[in-house]
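Let me begin by presenting the structure, written as structure tokens, before commenting on it.
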Amino acid sequence: MKTIIIIPARYASTRYPGKPLVGLRGPDGTKPLIRRSWEAAMTARGIAEVYVATDDDRIRSAAEGFGAQVIMTSPEAENGTMRCAEAVANARLSADLVINLQGDAPLTPPWFVEALADAMQTSPAQCATPVIRCDAETVSHFREDRRNGRVGGTTAVFDAQMRALYFSKEVIPYTPEGDHNPIPVFHHVGIYAYRPAALAAYQGWQMGPLERMEGLEQLRFLENGMEMACVEVDGKGRVFWELNNPVDVARIESVLAKG
């Protein structure tokens, strides 16, 4: 399959305006979030092309400055999936599989992307997304964010065939206090793989009540009866965390500092 990556990025984030251009310190100096996410995408094997999709000239200028291919999209794109769909249409891209690696996920290991693409080689699903079993530290971060009124990471539940049942900003399933081995909470990794037909269908659907309440674009697939496969990935000891709030900058920089 010809596989491409599109990194959607917008400047006018309601929770964190200007987020794609926020500098993140690492052993290789300070680089904007969008560059670190692009560099993460570029390390994945088997990818034909990597694009940044944005509606903002500041992001376009920064991305072109470090060598990224940029596709301009409309300010009206509701979310990253819609921005990917617009990018495919605007640039007349041809691919068997489109992977959406969100611009706020610079810690994404390349094998997450590769596992997702590999799973779609045989899966009957029209779209897929990775999940990773949480460790105690990650669950603690999730709960700390919720206690402090912050929107943190997303959790996922799925059936015995790894078909997504629901995604939430709350910690699901309900997990009583105490030791759990293994921990029954799965972190949803903000990457999606779509077949072109899934992106085309998405553009024709309206936002449903669950997506509106949770603020999670992937729920539109579930609300319209489209199967989404969950692909469990192995963190291999690496911490995975997205940049959702300003407090996450320090968390991500601490991981980058370890190399």
Side-chain angles (χ1 to χ4, degrees), residues 5-10 13 15-16 18-47 50-53 59 62-63 66 68 80 99-118 128-145 150-156 167 169 171 183 185-193 216-218 230-259:
I5 292 177
I6 298 177
I7 305 173
R10 64 184 183 123
S13 168
R15 295 201 305 267
Y16 197 165
K19 182 170 68 171
L21 301 182
V22 169
L24 292 172
R25 293 189 305 271
D28 53 354
T30 298
K31 298 178 181 179
L33 170 63
I34 187 61
R35 179 168 183 172
R36 293 204 178 275
S37 297
W38 176 80
E39 289 178 349
M42 293 292 287
T43 62
R45 293 180 291 104
I47 305 301
V50 177
Y51 302 91
V52 172
I59 296 173
F66 56 74
I99 293 182
N100 168 356
L101 192 155
Q102 299 193 55
D104 59 4
L107 300 180
T108 304
W111 60 86
F112 283 16
V113 177
E114 294 158 8
L116 191 60
D118 288 346
T129 193
V131 294
I132 184 169
R133 190 181 293 274
C134 290
D135 58 17
E137 179 183 1
T138 303
V139 173
S140 176
H141 282 321
F142 284 173
R143 289 180 171 145
E144 179 186 355
D145 283 338
R150 295 190 295 263
V151 176
T154 299
T155 58
F167 300 89
K169 290 293 184 183
V171 178
I183 293 174
V185 179
F186 283 82
H187 184 181
H188 170 237
V189 179
I191 313 170
Y192 304 97
L216 297 174
E217 66 202 83
Q218 68 270 34
C230 290
V231 179
E232 185 174 357
V233 293
D234 183 357
K236 299 181 182 179
R238 284 180 50 170
V239 175
F240 175 80
W241 195 258
E242 298 160 349
L243 203 160
N244 295 301
N245 304 285
V247 69
D248 297 325
V249 171
R251 292 173 178 172
I252 291 173
E253 286 183 337
S254 69
V255 177
L256 292 173
K258 298 173 184 176

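We number each residue from 1, following the sequence as shown.
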### Message
Quick check for you: to the nearest 0.5 Å, what is the distance between Leu243 atom CG and Glu253 atom CD?
### Response
9.0 Å

### Query
Would a 4.5 Å heavy-atom cut-off, applied to side chains only, mark Glu232 and Ile132 as touching?
no

### Query
Is the backbone of Leu33 close enough, under 3.5 Å, to the side chain of Ser37 for a donor and an acceptor to pair up by distance?
yes

### Message
Checking Ile34 against Phe66 for the side-chain contact (heavy atoms from CB on, under 4.5 Å) test, could you report, in this order, the C-alpha distance in whole Å, the side-chain angles of both residues, the deciding distance, and whether it holds?
### Response
CA-CA 10 Å; Ile34 187 61; Phe66 56 74; 4.0 Å; yes

### Whether Arg36 side chain and Leu107 backbone form a donor-acceptor pair below 3.5 Å
no

### Task
Verify, without hydrogens or angle tests, whether Arg133 (side chain) and Ile183 (backbone) share a donor-acceptor contact under 3.5 angstrom.
yes

### Message
Let's go through Ile47 and Val50 carefully: what are the C-alpha distance in whole Å and the side-chain angles of both, what is the deciding distance for side-chain contact (heavy atoms from CB on, under 4.5 Å) to 0.1 Å, and is it a yes or a no?
### Response
CA-CA 7 Å; Ile47 305 301; Val50 177; 4.0 Å; yes

### Message
How close do Ile7 and Ala41 get, counting heavy atoms only, and between which atoms?
### Response
CD1-CB, 4.0 Å

#### Entry: Close side-chain approach of Trp111 and Arg45, heavy atoms under 4.5 Å
no

### Query
Measuring from His141:NE2 to Asp135:CG, what's the distance to the nearest 0.5 Å?
8.5 Å

### Query
Got a second to check how far Leu216's CG is from Lys169's NZ, nearest 0.5 Å?
5.0 Å

### Task
Considering only NZ, NE, NH1 and NH2 on the basic side and carboxylate oxygens on the acidic side, decide whether Asp248 and Arg150 come within less than 4.0 Å.
no

### Query
Rounded to the nearest 0.5 Å, what separation is found between the OG1 atom of Thr43 and the CH2 atom of Trp38?
11.0 Å

Donor-acceptor pairs under 3.5 angstrom involving side-chain atoms of residues 186-193: please list them, not counting sequence neighbours.
from: His188; atom 1: ND1; to: Gln218; atom 2: NE2; distance (Å): 3.4
from: His188; atom 1: NE2; to: Thr129; atom 2: OG1; distance (Å): 2.6
from: Tyr192; atom 1: OH; to: Gln218; atom 2: OE1; distance (Å): 2.8

### Query
So which pairs with a foot in residues 100-110 pass salt bridge (Lys or Arg N to Asp or Glu O under 4.0 Å), sequence neighbours left out?
Lys19-Asp104

#### Entry: Between CD on residue Glu137 and OG on residue Ser140, distance to nearest 0.5 Å
7.5 Å

### Task
Mind listing the closest non-hydrogen atom pair of Phe167 and Cys230 along with its distance?
CZ-SG, 4.3 Å

